[in-house]
Each structure stands twice: as structure tokens, then as C-alpha cells.
Amino acid sequence: MVSVPQSPAWAEPRQADSEGWTRAKAEALYGLPFSDLLFRAHTLHRRHFNPNGIQLSRLLSIKTGGCPEDCGYCSQSARYDTGVTATRLMDLDDVVAAAGRAKAEGATRFCMGAAWRNPKPRDLSRVAAMIAAVKALGLETCATLGMLTEPQAEELRAAGLDYYNHNVDTSPAYYGEIITTRTLQDRLETLAHARRAGLKLCCGGIVGLGETLADRLDMLVLLANLAAPPESVPLNLWNEVPGVPVAAQAERPDAIAFARLIAVARIMMPTSVLRLSAGRQYMSDEAQALCFFAGANSLFLGETLLTTRNAGEERDAALFTRLGLTALSPSEGANVGA
Ligand code: SAM
Ligand code: DTB
Ligand code: SF4
């Protein structure tokens with residue numbers, strides 16, 4: 001007879017105690033037998049969300065390339081030869097037309113991304129007009145424009161912005177290997193400005209940049225220990241970009257390792273919406289299904305993200321049918337039992 005070791009107690013998901021989440025606690029979760037870990041994460045997931053619902057977002061790059069920052073994974077940094085052509089900020093009408101198409105395709109949130117270190121005053125008022133117009137279509141709004149001051153965040157909020165996306169990207173220890181032109185502290189300050197302005201946070205990072213498992217867990221610890229965890233946590237798998245420094249060292253986790261990470265994120269941030277973000281084009285339907293069971297409940301629709309490929313409409317429609325997934329409305333796309 002094959003001897004199966006006794007499972008550790010799985011039944012009652014526990015929150016972190018008053019000292020918050022630590023690497024050791026995250027490692028203990030990550031190291032659970034796979035079925036115990038997934039059961040525990042899925043139990044929490046069901047407690048807080050409709051487990052068959054999925055939040056659907058659409059991205060649009062409203063200003064592409066030519067970015068002065070040196071993020072070592074990014075196709076839009078002016079420092080690397082990636083083949084991306086820099087553009088000016090899009091016209092309002094074109095953005096509204098794209099948002100209308102996104103709504104028709106089933107998206108409930110429209111995320112506008114600009115390759116800036118930070119927005120200049122004139123740019124900010126133009127983006128504010130875009131936010132107001134997209135909001136008027138009945139979509140939730142999200143923007144990712146680089147660093148923000150608190151008054152800038154307030155201006156965006158007043159225009160109708162719901163979410164601000166600004167990622168920590170990786171662990172505190174690995175951060176300096178990937179980005180040198182702005183610090184993690186700079187990013188945390190922007191997140192604080194967005195929070196104080198009343199914006200919801202969309203904040204996560206990338207997996208597969210050459211970091212260790214400890215780095216991946218430290219990134220989750222950082223996110224989970226924020227004063228209030230982000231309402232939305234995008235977990236990006238590195239999307240291949242030729243010509244950037246990360247390309248030489250990148251290694252995406254396999255499906256089991258990624259599902260474990262999603263499950264740990266679900267347990268550490270039980271009421272946050274977790275997005276399978278960049279990298280779904282590399283994942284099989286089965287791998288995505290595992291991640292949804294582990295607690296992922298959001299994704300980007302469409303053929304492209306900002307500059308790289310996404311899974312695409314046809315494949316996603318078939319996936320949703322195969323898995324019986326239905327779109328979450330904006331109110332359901334927030335948690336149901338916080
Ligand atoms: N410039 C803004 C900023 O950095 O906050 C907004 C746009 S930036 C492209 C948004 C996020 O996309 C990054 O923080 C990073 O997490 C993710 N990202 C960028 N390039 C990626 C890639 N090649 N693979 C996976 N994620 C990527
Ligand atoms: C996030 O965490 N992922 C999205 C969104 N926030 C802006 C961006 C993914 C970008 C992937 C690389 C590209 O398409 O250029
Ligand atoms: Fe610029 Fe954002 Fe790309 Fe960094 S991730 S290079 S800030 S567009």
C-alpha cells in the first residue's frame with residue numbers, strides 16, 4: 001500500500017495574527033500539500049466571492065513607449081531597443097470609441113495606461129477628460145500613469161476614476177535588480193496618495209523576472225501588509241519582450257507553482273480580487289482553471305494588453321463556456337463578505 005502522509009489541519013483558514021504576514025507564514029502556506037493548499041484557498045474564495053464569477057477588464061495604451069524609466073521588463077522604456085514605436089497621447093474620441101468596443105465585448109472596467117514616469121499637468125487634464133467620458137459609458141475606470149502626487153490623484157478621482165494601478169512589481173530585495181530610476185518607496189508613496197484621494201488600488205507585480213520563490217512570497221507579504229490590501233491584485237507572468245535586460249534571465253513558474261502562488265495570495269488577501277494578468281497567452285486552459293480554483297477571479301479581455309499579446313477573445317469565450325464562468329457585475333467584482 002502506498003503510504004500517504006497525514007495532512008496538516010486544513011479546515012479552518014486562519015488569518016495572520018497581529019504581527020501581520022511574514023515570509024515564514026507565507027512559506028508555510030506555500031509548502032502545504034497541493035490539495036490542502038488549494039482546498040483552503042478555495043474555501044476562503046467561496047466565502048468572499050461567487051466562485052463562478054469573473055471580473056472582466058480591458059486595457060488600452062493611451063500613450064505608448066518613449067518612457068524615461070528603466071524597468072528591466074518593459075517594452076516601453078526608451079532605454080531598450082524593443083521595436084515599440086513611441087506615440088503621443090491619444091485623442092479623446094479614439095479612447096471613447098475603444099471603451100465603447102470594450103463594453104460591447106463584455107468588459108466592465110476600462111484601464112487606460114500611459115508610459116510616463118509621472119503625468120504633466122496638461123496631460124493629466126486630458127486624461128481626466130477621458131476618465132469622465134469612459135465613466136459616462138457606464139464602465140468602471142482604472143488608470144496607470146506612473147507616479148502621482150496627492151492633488152493629481154484627487155483630480156483623477158474627481159473626474160470619476162475608480163481604480164489606480166501602480167504595481168510594486170517584485171520583492172523589496174529584488175526590486176533594485178529590475179528598476180533603478182525610482183524606488184519602491186516612491187511607489188508606496190504614490191499608492192498612499194491614491195488611497196488618500198479615495199481611489200481603490202490595483203496593485204500587484206510580475207512573476208518570472210528571475211526572482212526566487214522567497215522574492216515571490218515577499219512580494220505577496222508586502223501587498224498583504226499594506227494598511228489596507230489592494231482591492232485588485234494583478235499577478236502578471238512575464239510577457240516576453242525582446243531587447244530588455246530581463247529577457248536574459250527570465251523564467252516563468254510552471255502551472256503548479258503559479259497556482260500555489262495564487263492560492264497563497266488568496267489566503268493572505270481573502271477579499272481582494274486577484275487578476276490573472278499578463279502571461280495568459282502562455283497558459284493552457286487547464287492551468288488557468290487551476291488558478292481560478294485557487295482564487296484568481298479577474299482577467300483582461302482582448303487580443304492585446306498594452307504592447308504584447310493577450311489570450312484573445314475567441315479563446316476566452318471558449319474557456320468561459322468550458323468552465324461555466326460568468327462575468328461579475330461591478331458590484332459583484334468587489335468582494336461579497338469582507
Ligand atoms: N508606466 C506606468 C507604471 O509603470 O506604473 C504604467 C504602465 S506599466 C506597463 C504597468 C505594469 O505592467 C508594470 O508595473 C508591470 O507590472 C506590468 N508589465 C509591464 N511590462 C510587462 C511584461 N513584459 N510582462 C509582464 N508584466 C509587465
Ligand atoms: C498590470 O499589472 N498588468 C497590466 C496593467 N497592470 C496595466 C499591463 C500588462 C502589460 C504587459 C506588457 C505589455 O503589454 O506591454
Ligand atoms: Fe515606463 Fe511603466 Fe514601462 Fe516602467 S513599466 S518603463 S514606468 S511604462
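Just follow the structure's listing: the first ligand is 1, and inside any ligand the first atom is 1.
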Basic-acidic side-chain contact under 4.0 Å: [X], [Y]:
X: Asp162; Y: Arg109; answer: no
X: Lys63; Y: Asp123; answer: no
X: Glu231; Y: Arg195; answer: yes
X: Arg252; Y: Glu240; answer: yes

Shared hydrophobic cluster, Val221 / Ile178 (ILVMFWY, side-chain heavy atoms < 4.5 Å):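 As far as the 4.5 Å side-chain criterion goes, Ile178 and Val221 are connected within one cluster.
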Shared hydrophobic cluster, Met283 / Leu274 (ILVMFWY, side-chain heavy atoms < 4.5 Å):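 Shared cluster, yes.
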So does [Y] get a backbone contact from the side chain of [X], meaning a donor-acceptor N/O pair under 3.5 Å?
X: Asn236; Y: Gly205; answer: yes
X: Thr180; Y: Gly176; answer: no
X: Glu303; Y: Ala311; answer: no
X: Thr307; Y: Ser75; answer: no
X: Gln152; Y: Pro119; answer: yes

Is [Y] close to [X] at the side-chain level, that is, under 4.5 Å between some pair of heavy atoms?
X: Asp70; Y: Arg182; answer: no
X: Leu60; Y: Val95; answer: yes
X: Thr149; Y: Thr190; answer: no

Closest candidate by heavy atom, reference [atom], pool [options]:
atom: atom 1 (C) of ligand 2; options: Asn236, Thr308, Leu235; value: Asn236
atom: atom 3 (C) of ligand 1; options: Met112, Arg182, Met147, Lys63; value: Arg182
atom: atom 2 (O) of ligand 2; options: Asn167, Asn310, Thr307; value: Asn167
atom: atom 5 (O) of ligand 1; options: Glu69, His166, Arg117; value: His166

Short N or O distance, Leu306 and ligand 2, threshold 3.5 Å exclusive: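 Checking ligand 2 against Leu306, an N or O pair does fall under 3.5 Å apart.
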Short N or O distance, Thr144 and ligand 2, threshold 3.5 Å exclusive: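 In fact, backbone or side chain, Thr144 has no N or O that close.
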Suppose I only count heavy atoms of [X] and a 4.0 Å limit; which atoms of ligand 2 are within that range?
X: Ser277; value: 1 (C), 2 (O), 3 (N)
X: Ser75; value: 15 (O)
X: Pro234; value: 2 (O)
X: Leu59; value: 4 (C), 7 (C), 8 (C)

Proximity to ligand 1 by part of Glu240, non-hydrogen separation under 4.0 Å: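 It is neither part, as no heavy atom is under 4.0 Å.
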Proximity to ligand 1 by part of Ser75, non-hydrogen separation under 4.0 Å: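 Neither; nothing of Ser75 gets under 4.0 Å from ligand 1.
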Give a yes-or-no answer on whether the side chains of [X] and [Y] include a donor-acceptor pair shorter than 3.5 Å.
X: Ser171; Y: Arg216; answer: no
X: Glu69; Y: Thr181; answer: yes
X: Tyr174; Y: Asp218; answer: no

Arg182, portion touching ligand 3 at heavy-atom distance under 4.0 Å: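 The answer is the side chain.
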Distance (rounded to the nearest 0.5 Å) between Tyr164 OH and Leu148 CG: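 Going from the OH atom of Tyr164 to the CG atom of Leu148 covers 3.5 Å.
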Gap between atom CD of Gln55 and atom OG of Ser329 - 0.5 Å precision: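 One gets 10.0 Å once the value is rounded to the nearest 0.5 Å.
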Judged by non-hydrogen atoms, does [X] sit under 4.0 Å from ligand 1?
X: Leu237; result: yes
X: Gly205; result: no
X: Gly204; result: no

Counting non-hydrogen protein atoms only, what is the nearest one to [atom]? Give residue, atom name and distance.
atom: atom 24 (N) of ligand 1; result: Asn239 N, 2.9 Å
atom: atom 7 (C) of ligand 1; result: Thr144 OG1, 3.9 Å
atom: atom 20 (N) of ligand 1; result: Tyr73 CD1, 3.3 Å
atom: atom 5 (S) of ligand 3; result: Tyr73 OH, 3.5 Å
atom: atom 6 (N) of ligand 2; result: Asn165 OD1, 3.1 Å
atom: atom 14 (O) of ligand 1; result: Asp169 OD1, 3.1 Å
atom: atom 8 (S) of ligand 1; result: Leu306 CD1, 4.5 Å
atom: atom 27 (C) of ligand 1; result: Ile206 CD1, 3.7 Å
atom: atom 12 (O) of ligand 1; result: Asn167 ND2, 4.4 Å

[X] heavy atoms, cut-off 4.0 Å: which ligand 1 atoms fall inside?
X: Trp116; value: 1 (N)
X: Val241; value: 23 (N)
X: Ala114; value: 1 (N), 2 (C), 6 (C)

For Thr308, side chain to side chain donor-acceptor pair (under 3.5 Å) partners two or more places apart: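 For Thr308 the side chain to side chain donor-acceptor pair (under 3.5 Å) partners, ignoring immediate neighbours, are Asn239.
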Backbone or side-chain N or O of Gln76 under 3.5 Å from ligand 1 N or O: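 N/O-N/O distance below 3.5 Å does not exist for this pair.
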Ligand 2-proximal atoms of Thr304, by part, heavy-atom distance under 4.0 Å: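 No part of Thr304 comes within reach of ligand 2.
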Shell of protein N/O/S atoms around atom 1 (Fe) of ligand 3, taken as anything under 2.8 Å: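 Listed by chain and number, the nearby protein N, O or S atoms are Cys67 SG.
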Cation-aromatic face contact Arg58/Phe110, 6.0 Å, 45 degrees: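 No cation-pi geometry.
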Atom 1 (N) of ligand 1 protein-contacted (non-hydrogen atom, under 4.0 angstrom):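 When distances to the protein are checked, atom 1 (N) of ligand 1 has a heavy atom within 4.0 Å.
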